[in-house]
Amino acid sequence: MYGTSDPIRIAISSAAGTYSVVIGAGVLTEPLAVDGTVVIADRYFAPYLTHHGVTEPIYLVADERSKTLSTVDSVLEEMRSRGLRRDGHVLAVGGGIVQDVVTMAAQLYMRGVSWSLAPTTLMSMADSCIGGKSSINVGSVKNLAGGFYPPSEIFIDPSFVETLPQVDQVCGLLEAVKIAFCRSEATFDEYLGMQNASDFTNLATTLKLVLEAKKWFIEIDEFDQAERRVLNFGHTFGHALEAGTSFRVPHGVAVGIGILAAIAFVEISRELSDSEERLRSYVSSVVSSVTDMPEIAQTCDWELFRGAFESDKKHRADQYLLVLPAGGDPRIEVRAVVRSEDSRQRVVDAMRAALEMRY
Ligand SMILES: NC(=O)c1ccc[n+]([C@@H]2O[C@H](COP(=O)([O-])OP(=O)(O)OC[C@H]3O[C@@H](n4cnc5c(N)ncnc54)[C@H](O)[C@@H]3O)[C@@H](O)[C@H]2O)c1
Ligand SMILES: [Zn+2]
């Protein structure tokens, strides 16, 4: 199950050196048993770690409210109390929340200690585990502080998806298809051929495809200055929807709906390509498996939506920067649109059209 029996390996180059991803059932067993490693894990995995004989792990609650500098501070204290030295090693086990906190703590501890990562959610396996970013919430502002500090190794055991709630599986798939679509027609075709929302038989192979696609972006633009920005596809619309629904719509689902809105936005002025049609059909079927989109359209607070869209940190003083499907090659473009009530209304109309499935 979950793909091949031999582990799959991918090497990622970064300014901090090359690090590797290993994908396969059971790949975490060995690193868990290395003496002197301090394990920092999502509390959900307490029984699993006990079963593997891990002593004195540091547990985190995987909740947005944990992603603070004060959590990082207490993790640093816990690392110190376990006698972790500059030449020691940390292993993080969990999804994006644990990853964000541990990336930051590992970077700060004695000015940097080596660490590895075992992502346990589909989003973290397919997307966030590579790239080396950390993001910490400050006050009410999400992901305001952060840095780059890649792990030395990433161990992906795809069988962890089994226990993941369906909505978290869907969130991972939506970030994954975004990456595959942005990379190339061939990658997108391959993705659609191997992955649907209810069958994870080929997950190891899907993860290889998607991580190699993301690798291309992060290796040419490690610090998010150019090419990597297209991976924000769906995010400007999606973040505004998260705000408009007071975060009732989970991030990955909001990104999926954001992709549908970006497609609706360009459809006003041109015909969609075949590839864009197929993206829309895949995304809407995956989103609809967990969400009632027309119901979101009725309950979304559109003033909150507009406010969040207006204050997105990626925009310029006089222009919105929208990541939109471009119809061919390039597949995605970052388009500057003059800030005005008209263009803001077009964004709201596109989101409404997406939610009401007017296509
Ligand atoms: N640093 C980055 O590059 C980056 C990129 C994208 C997102 N993020 C951040 O990631 C966070 C979201 O992370 P996430 O979506 O991976 O989820 P998460 O870490 O928030 O976990 C979601 C829920 O799933 C549970 N869980 C985790 N693995 C499980 C498993 N295998 N089985 C059952 N339950 C499991 C957790 O306990 C939690 O309740 C956000 O804070 C986001 O900002 C970071
Ligand atoms: Zn995202």
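Scope of the values below: all heavy atoms of this structure, side chains included, with no hydrogens, waters or symmetry mates. Just follow the structure's listing: the first ligand is 1, and inside any ligand the first atom is 1. Computed from a predicted structure; not experimentally measured.
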Review point. Taking NZ, NE, NH1 and NH2 as the nitrogens, is one of them in D189 or R278 under 4.0 Å from a carboxylate oxygen of the other?
Key: yes

Review point. Any chance CD of E30 has more than 12 other-residue heavy atoms, nucleotides or ligands included, within less than 6.0 Å?
Key: no

Practice item. Look at atom CZ of R270 and say whether more than 12 heavy atoms of other residues, nucleotides or ligands are closer to it than 6.0 Å. Key: yes

Practice item. Could you tell me which atoms of ligand 1, counted from 1 in the order shown, lie closer than 4.0 angstrom to a heavy atom of F160? Key: 30 (C), 31 (N)

Practice item. Check each heavy atom of M123 against ligand 1 and say whether those closer than 4.0 Å belong to the side chain, the backbone, both or neither. Key: side chain

**Study point:** Distance filter under 4.0 Å to E64 heavy atoms, resulting ligand 1 atoms
**Key:** 40 (C), 41 (O)

Exercise for review: Classify the angle between the aromatic ring planes of F309 and F237 as parallel (below 30°), tilted (30 to 60°) or perpendicular (above 60°).
Suggested key: tilted

**Study point:** Element-labelled atoms of ligand 1 that are located less than 4.0 Å from some non-hydrogen atom of F45
**Key:** 28 (N), 29 (C), 30 (C), 31 (N)

Practice item. Please could you name the atoms of ligand 1 that T121 approaches to less than 4.0 Å, counting only its heavy atoms? Key: 14 (P), 16 (O), 17 (O), 21 (O), 27 (C), 28 (N)

Check your understanding: For D100 and ligand 1, does the shortest N/O to N/O distance drop below 3.5 Å?
Key -> yes

Exercise for review: Check the pair Y320 / R344 against side chain to side chain donor-acceptor pair (under 3.5 Å), numbers first and verdict last.
Suggested key: CA-CA 9 Å; Y320 302 121; R344 205 160 46 244; 2.8 Å; yes

Check your understanding: What about G96: any of its N or O atoms under 3.5 Å from an N or O on ligand 1?
Key -> yes

Exercise for review: Please find out if less than 6.0 Å separates the ring center of Y44 from that of Y59.
Suggested key: no

Review point. At a 4.0 Å threshold, what atoms of ligand 1 neighbour a non-hydrogen atom of G95?
Key: 16 (O), 19 (O)

Exercise for review: Can you sort out which atoms of ligand 1 are near K67, meaning under 4.0 Å from one of its heavy atoms?
Suggested key: 9 (C), 40 (C), 41 (O), 42 (C), 43 (O)

**Study point:** Whether over 12 other heavy atoms sit under 6.0 Å from R86 CZ
**Key:** yes

Practice item. Tell me whether E175 has at least one N, O or S atom under 2.8 Å from the Zn ion (ligand 2). Key: yes

Check your understanding: Just heavy atoms, cut-off under 4.0 Å: does K142 contact ligand 1 by side chain, backbone, both, or neither?
Key -> side chain

